[in-house]
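What follows is a set of notes on a single structure, which appears directly below.
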Amino acid sequence: MAAEPEVLDELHRLRARVPQLTGALAASADGLVLAHDTPGVEPDGLAALTAAALGVAIRMADATGQGDLRELLVRGVNGYVATYAAGGSAVLTLLAQDRVNVGRLHLEGRRSGTRIGELVDAAAARGEPPAAPAKQVPKPSPGMPRGTTPARPTTTPVTNHPRTSES
C-alpha cells in the first residue's frame with residue numbers, strides 16, 4: 001500500500017504530540033497491519049485483537065441503539081488501549097500510560113484517525129491493494145517427516161468494517 005509511509009509518519013507525529021503513548025497501530029478492520037510503532041508489542045497480535053474487540057463493540061453499539069461505532073476505550077491497571085475508526089475500512093489503536101490525559105488522548109486520537117482514514121481511503125480509491133500480511137511458513141510439528149510443512153488452516157476473513165458518521 002503506497003499510503004503506508006504516510007500512515008507511519010502520522011503515527012510518529014502522534015506519538016510526539018502525546019508523550020504518554022507507548023504504541024500506535026493502524027490496521028484494517030479485519031486485522032491486517034497497515035503501519036505500526038509498537039515497541040515491545042507484537043503488531044500482528046494487536047491488530048487481530050483489535051479486530052475481535054471491534055466486532056464486539058460494533059454489535060454492542062448496534063444492540064443498544066447507540067449508532068455507528070466511533071471509538072473504543074479499555075482501561076487497565078497500567079494504562080489504556082484506545083481504538084478509533086479511521087475512514088471506512090481502517091482503525092487506529094493507541095496504547096497509553098495510565099497517567100495520560102484522556103481528553104488529550106481522545107482529541108489527538110480522533111484527529112489522527114481522521115487523517116489515517118483519509119490516507120487509507122485515498123489509496124483504496126486509487127485501487128492500491130491493502131497491506132498484505134507477512135508470509136510465515138508454519139513450523140513442522142514433532143513427528144512430521146523431514147521436509148514437509150503442515151497445511152495452512154483455511155479461514156474465512158472477518159469483515160467488521162467500522163461504520164462511522166465521520167468517515
Side-chain angles (χ1 to χ4, degrees), residues 1-18 20-62 68-76 78-97 100 102 105-136 152-167:
M1 176 175 145
E4 183 179 339
E6 293 170 304
V7 172
L8 186 58
D9 286 345
E10 179 61 30
L11 297 180
H12 290 304
R13 285 192 299 272
L14 174 60
R15 289 203 56 201
R17 290 191 309 266
V18 184
Q20 295 81 20
L21 287 182
T22 59
L25 171 119
S28 66
D30 56 357
L32 297 176
V33 175
L34 302 175
H36 68 91
D37 182 4
T38 56
V41 176
E42 201 275 311
D44 292 323
L46 180 58
L49 287 170
T50 295
L54 185 64
V56 171
I58 287 171
R59 281 187 236 130
M60 187 181 296
D62 283 345
D68 295 337
L69 180 75
R70 292 188 180 177
E71 56 200 38
L72 173 65
L73 181 68
V74 176
R75 181 177 183 202
N78 297 320
Y80 295 87
V81 179
T83 299
Y84 303 90
S89 63
V91 292
L92 169 65
T93 295
L94 303 177
L95 309 175
Q97 298 170 353
V100 71
V102 178
L105 176 69
H106 284 319
L107 176 71
E108 296 295 347
R110 291 169 187 154
R111 285 180 180 166
S112 287
T114 298
R115 175 70 180 135
I116 290 167
E118 291 168 353
L119 294 169
V120 171
D121 290 347
R126 291 189 301 266
E128 296 171 9
K135 291 185 178 182
Q136 294 180 339
R152 292 182 187 268
T154 57
T155 58
T156 305
V158 178
T159 55
N160 291 332
H161 297 289
R163 294 171 291 156
T164 68
S165 56
E166 299 172 329
S167 299

Check your understanding: So, are Arg17 and Glu10 salt-bridged, with charged N and O less than 4.0 Å apart?
Key -> yes
**Study point:** Test log, rule side chain to side chain contact (heavy atoms under 4.5 Å, CB included), inputs Leu11 and Ile116
**Key:** CA-CA 9 Å; Leu11 297 180; Ile116 290 167; 3.8 Å; yes
**Study point:** Smallest separation among heavy atoms of Leu94 and Ala24, with atom names
**Key:** CD2-CB, 3.7 Å
Practice item. Would you give the length of the straight line joining atom OH of Tyr84 to atom CD of Glu108, rounded to the nearest 0.5 angstrom? Key: 10.0 Å
Study note, to complete from the structure: Residues passing the ring pair (Phe, Tyr, Trp, His ring centres under 6.0 Å) test with His12, sequence neighbours excluded, are none
Review point. With side chains defined as the heavy atoms from C-beta onward, is the minimum distance between Val102 and His106 less than 4.5 Å?
Key: yes
Practice item. Provide the closest heavy-atom pair for Ala47 versus Gly31 in the form atom of the first, atom of the second, distance. Key: CB-O, 3.3 Å
**Study point:** CG-CD distance between Leu46 and Glu42, expressed to the nearest 0.5 angstrom
**Key:** 8.5 Å
Revision key, fill the gap. Nearest heavy-atom approach of Tyr80 to Arg75 is OH-NE, 3.3 Å
**Study point:** Any side-chain heavy-atom pair of Arg59 and Asp62 under 4.5 Å
**Key:** no
**Study point:** Point-to-point distance, once rounded to the nearest 0.5 Å, from CG of Leu69 to CD1 of Ile58
**Key:** 5.5 Å
Point to revise | Smallest separation among heavy atoms of Ala51 and Asp30, with atom names | key: CB-C, 3.8 Å
Review point. Can you check side chain to side chain contact (heavy atoms under 4.5 Å, CB included) on Val81 and Leu49, steps first, answer last?
Key: CA-CA 11 Å; Val81 179; Leu49 287 170; over 6 Å; no
Check your understanding: Atom CG in Asp121, atom OG1 in Thr114: separation rounded to 0.5 Å?
Key -> 10.5 Å
Review point. Atom CG of Asp37 and atom CG of Leu25: how far apart are they, to the nearest 0.5 Å?
Key: 10.0 Å
Study note, to complete from the structure: Smallest heavy-atom separation, His36 atom then Leu8 atom, equals O-CD1, 3.3 Å
**Study point:** Qualifying residues under side chain to side chain donor-acceptor pair (under 3.5 Å), relative to Thr50, sequence neighbours excluded
**Key:** Thr93
Point to revise | Interatomic distance, Arg15 atom CZ to Thr38 atom OG1 [nearest 0.5 angstrom] | key: 8.5 Å
Practice item. Write down the atom of Ser112, the atom of Leu92, and the distance for their closest heavy-atom approach. Key: CB-CD2, 3.8 Å
